[in-house]
Visitor: 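Input: one structure, supplied below.
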2 protein chains.
Amino acid sequence: MGAMSNVERAVSALRQMIFAGELPPGSDHLESELAEQLGMSRTPVREAALMLQAQGLVEMRPRRGIRISPVSATDMAEIYDILTELESLAAARAAETQYSKSDLATLATAIRDMDAALAADDLRAWAEADDRFHRELVRLGRNARLSMVVSVMRDQVRRARATTLFMRPKPKQSNEDHRIVYQAIARGDAKTAHDTHHAHRQAARDMLVALLEKHQFHGL
Amino acid sequence: MGAMSNVERAVSALRQMIFAGELPPGSDHLESELAEQLGMSRTPVREAALMLQAQGLVEMRPRRGIRISPVSATDMAEIYDILTELESLAAARAAETQYSKSDLATLATAIRDMDAALAADDLRAWAEADDRFHRELVRLGRNARLSMVVSVMRDQVRRARATTLFMRPKPKQSNEDHRIVYQAIARGDAKTAHDTHHAHRQAARDMLVALLEKHQFHGL
DNA sequence: TCATACATTAATGTATACATAAACATATAC
DNA sequence: GTATATGTTTATGTATACATTAATGTATGA
């Protein structure tokens with residue numbers, strides 16, 4: 001039924017703890033500690049840690065424990081650079097594929113939700129809808145590997161967002177960009193979709209990196 | 001001294017066996033078989049397999065054994081699309097960084113080696129130098145995460161290359177492209193570096209995908 | 001007081017034992 | 001003859017035991 005292995009449980013639990021800040025960036029944790037917390041033996045915890053390590057969320061250092069990877073301003077710049085390129089490609093490919101209006105419904109809904117959240121001044125709801133938009137955009141690009149790489153990168157961004165979301169200016173330009181990208185995809189204009197999204201992400205990158213550097217979250 | 005754990009040994013050994021074709025794409029292998037072959041217990045083999053799975057080289061399927069991931073024409077198209085974007089970004093960033101001639105020596109050497117290999121009709125040497133060129137190019141882009149993603153993708157390409165290297169036309173245009181990219185980086189022309197490399201990789205992609213599709217290596 | 005050598009500690013790396021559950025074969029009913 | 005149910009096999013998932021080795025503490029000497 002549940003059919004969920006302990007390794008899967010450990011991966012989920014650890015991810016959640018990391019995103020919730022319960023395991024703070026830079027902190028070290030023994031395999032045995034985590035195993036006890038999760039109510040299982042070291043083996044599945046170790047395997048889960050190996051997986052999370054491959055995604056850059058933790059680092060396993062011999063005799064120092066499992067370290068929750070810190071995310072510096074430099075890291076964020078690297079990550080956004082990758083996101084910028086890959087998501088823009090996905091936008092272009094989505095435009096080349098001739099999607100019907102109904103295929104693009106999820107995208108449209110996400111945009112509307114972002115509008116609503118902005119109007120209601122609900123930043124958390126906005127962030128959730130923004131995530132949804134980008135995830136769907138990448139999915140429409142139809143490149144499974146690209147989706148996976150992007151999702152790994154986005155996980156890292158999410159960790160930084162917890163701290164930066166309430167520091168940054170209202171994402172107003174953002175929604176206009178999303179709308180332009182959406183329309184470009186709908187009418188099959190790959191270049192506009194690509195370039196608009198590219199500029200969109202690059203602006204986000206510059207804003208975020210400046211913010212992180214200014215507040216010296218170098219070892220967040 | 002050697003200070004190499006069994007997990008590391010297993011990773012190296014399995015990679016080598018995969019690249020050498022000793023573990024053919026699509027084949028299944030029990031953990032216990034591999035463990036016996038490598039002279040260790042299942043534990044390190046399992047951990048190694050988890051790591052290779054994260055890099056897309058194998059898939060672990062419950063009760064079916066460890067499957068060496070097949071690489072289809074579609075996969076190759078996906079991979080080249082990612083490589084195209086990320087390497088082009090690296091080229092642009094390399095151009096923006098003001099490298100001295102000596103910083104670019106490795107790049108220059110690789111180009112000369114490719115010329116020599118082409119003249120000598122030594123495709124294997126050409127492929128090795130080509131690898132070296134691209135690896136150095138990405139390194140100069142100074143984005144550790146990007147380097148890692150690219151290296152994972154290139155591993156997959158390498159597997160297909162074993163089959164395609166002797167089927168494809170002589171890489172003659174290739175070297176001119178490399179030279180243009182090199183010169184653009186040397187004089188700080190980011191746009192030319194980016195666009196030239198982008199076109200270069202896209203051409204390679206189209207050629208390779210056509211080749212794979214033609215020969216119906218769908219489940220290579 | 002400081003440095004070095006040694007002993008101790010403790011966390012990981014690895015092996016092994018075992019429980020679980022999927023795949024296969026067999027048998028039975030229709 | 002087919003299909004379903006049941007039993008058997010076996011590879012994996014997990015726990016546990018143990019060996020290894022890096023880090024820590026201690027003592028000794030200068």
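Reminder, nothing fancy here: chain letters follow the sequence lines and each chain counts from 1. Side chains are part of it too, since the values below use all heavy atoms of this structure and drop only hydrogens, waters and symmetry mates. The model shown is predicted, which means the values in this text are computed figures rather than measured ones.
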Visitor: Name the residue closer to the 5' end of DNA chain D, choosing between B/R42 and A/P62 according to the nucleotide with the nearest heavy atom.
Guide: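 That would be B/R42.
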
Visitor: Quick one, B/Q55 and B/R15 - any side-chain contact, counting heavy atoms below 4.5 Å?
Guide: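 Side chain of B/Q55 against side chain of B/R15, heavy atoms only: contact under 4.5 Å found.
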
Visitor: Round to a whole Å and report the spacing from CZ of A/R61 to C1' of D/dA23.
Guide: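 Taking atom C1' of D/dA23 as the reference, CZ of A/R61 is at 13 Å.
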
Visitor: Taking only the side-chain heavy atoms of B/P44 (C-beta and beyond), determine which of C/dA11, C/dA15, D/dT14 contains the nearest atom.
Guide: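 Ranking C/dA11, C/dA15, D/dT14 by closest atom to the B/P44 side chain puts C/dA15 first.
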
Visitor: Report yes if a donor N or O on one partner sits less than 3.5 Å from an acceptor N or O on the other, where the partners are the side chain of B/R63 and the base of C/dA22; otherwise report no.
Guide: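 Between C/dA22 and B/R63, which were checked side chain against base, a qualifying N/O pair under 3.5 Å is absent.
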
Visitor: Whole-Å distance between D/dT10 C1' and B/D28 CG?
Guide: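 In whole Å, D/dT10 C1' lies 15 Å from B/D28 CG.
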
Visitor: Could you tell me how far apart A/M4 (CE) and D/dT14 (C1') are, to the nearest whole angstrom?
Guide: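 Checked: the CE to C1' distance equals 16 Å.
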
Visitor: Run the salt-bridge test on B/R46 and A/E47 with the 4.0 Å N-O cut-off and return the result as yes or no.
Guide: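 So B/R46 pairs with A/E47 through a salt bridge.
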
Visitor: For B/E47 and D/dT12, what is the distance between atoms CD and C1' respectively, to the nearest whole Å?
Guide: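 Those two atoms, CD and C1', are 15 Å apart.
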
Visitor: Would you kindly give the CZ-to-C1' distance between B/R67 and D/dA11, to the nearest whole Å?
Guide: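 For the pair B/R67 CZ and D/dA11 C1', the rounded distance is 16 Å.
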
Visitor: Whole angstrom is fine here: how far is it from CG in A/L38 over to P in D/dT14?
Guide: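 Atom-to-atom, A/L38 to D/dT14, this comes out as 12 Å.
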
Visitor: Mind checking if A/M40 touches a base, just sugar-phosphate, or nothing, with heavy atoms under 4.0 Å?
Guide: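 Contact class for A/M40: sugar-phosphate only.
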
Visitor: What nucleotide among D/dT16, D/dG13, C/dG13 has an atom nearest to a side-chain atom of B/E31?
Guide: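 Given the options D/dT16, D/dG13, C/dG13, the side chain of B/E31 is closest to D/dG13.
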
Visitor: Ignoring hydrogens and angles, state whether a donor on the side chain of B/E85 or B/H198 is under 3.5 Å from an acceptor on the partner side chain.
Guide: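 B/H198 and B/E85 do have a side-chain donor-acceptor pair below 3.5 Å.
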
Visitor: Hey, does the side chain of B/R139 reach the backbone of B/S147 with a donor-acceptor pair shorter than 3.5 angstrom?
Guide: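 Not confirmed, B/R139 side chain does not pair with B/S147 backbone.
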
Visitor: Between A/R46 and C/dG13, is there a contact of a side-chain N or O with OP1 or OP2 at under 4.0 Å?
Guide: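 Checking A/R46 against C/dG13: at least one side-chain N or O falls below 4.0 Å of OP1 or OP2.
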
Visitor: Can you list the steps and then say if A/T84 with A/D81 is a side-chain hydrogen bond (donor to acceptor under 3.5 Å, both in side chains)?
Guide: CA-CA 5 Å; A/T84 301; A/D81 276 349; 5.1 Å; no

Visitor: Measure from the side-chain heavy atoms of B/R64 and tell me the nearest of D/dT12, C/dT14, C/dA23.
Guide: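 Selected nucleotide (nearest to the side chain): C/dA23.
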
Visitor: What is the separation between atom CZ on B/R9 and atom P on D/dT20, rounded to the nearest whole Å?
Guide: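 These atoms are roughly 13 Å apart.
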
Visitor: Take the protein atom CE of B/M60 and the nucleotide atom C1' of D/dT12, then report the distance between them rounded to whole Å.
Guide: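 Atom CE in B/M60 sits about 9 Å away from atom C1' in D/dT12.
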
Visitor: Do any side-chain nitrogens or oxygens of B/T43 fall under 4.0 Å of OP1 or OP2 in C/dT14?
Guide: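 Answer no for this pair, as no side-chain N or O of B/T43 is under 4.0 Å from OP1 or OP2.
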
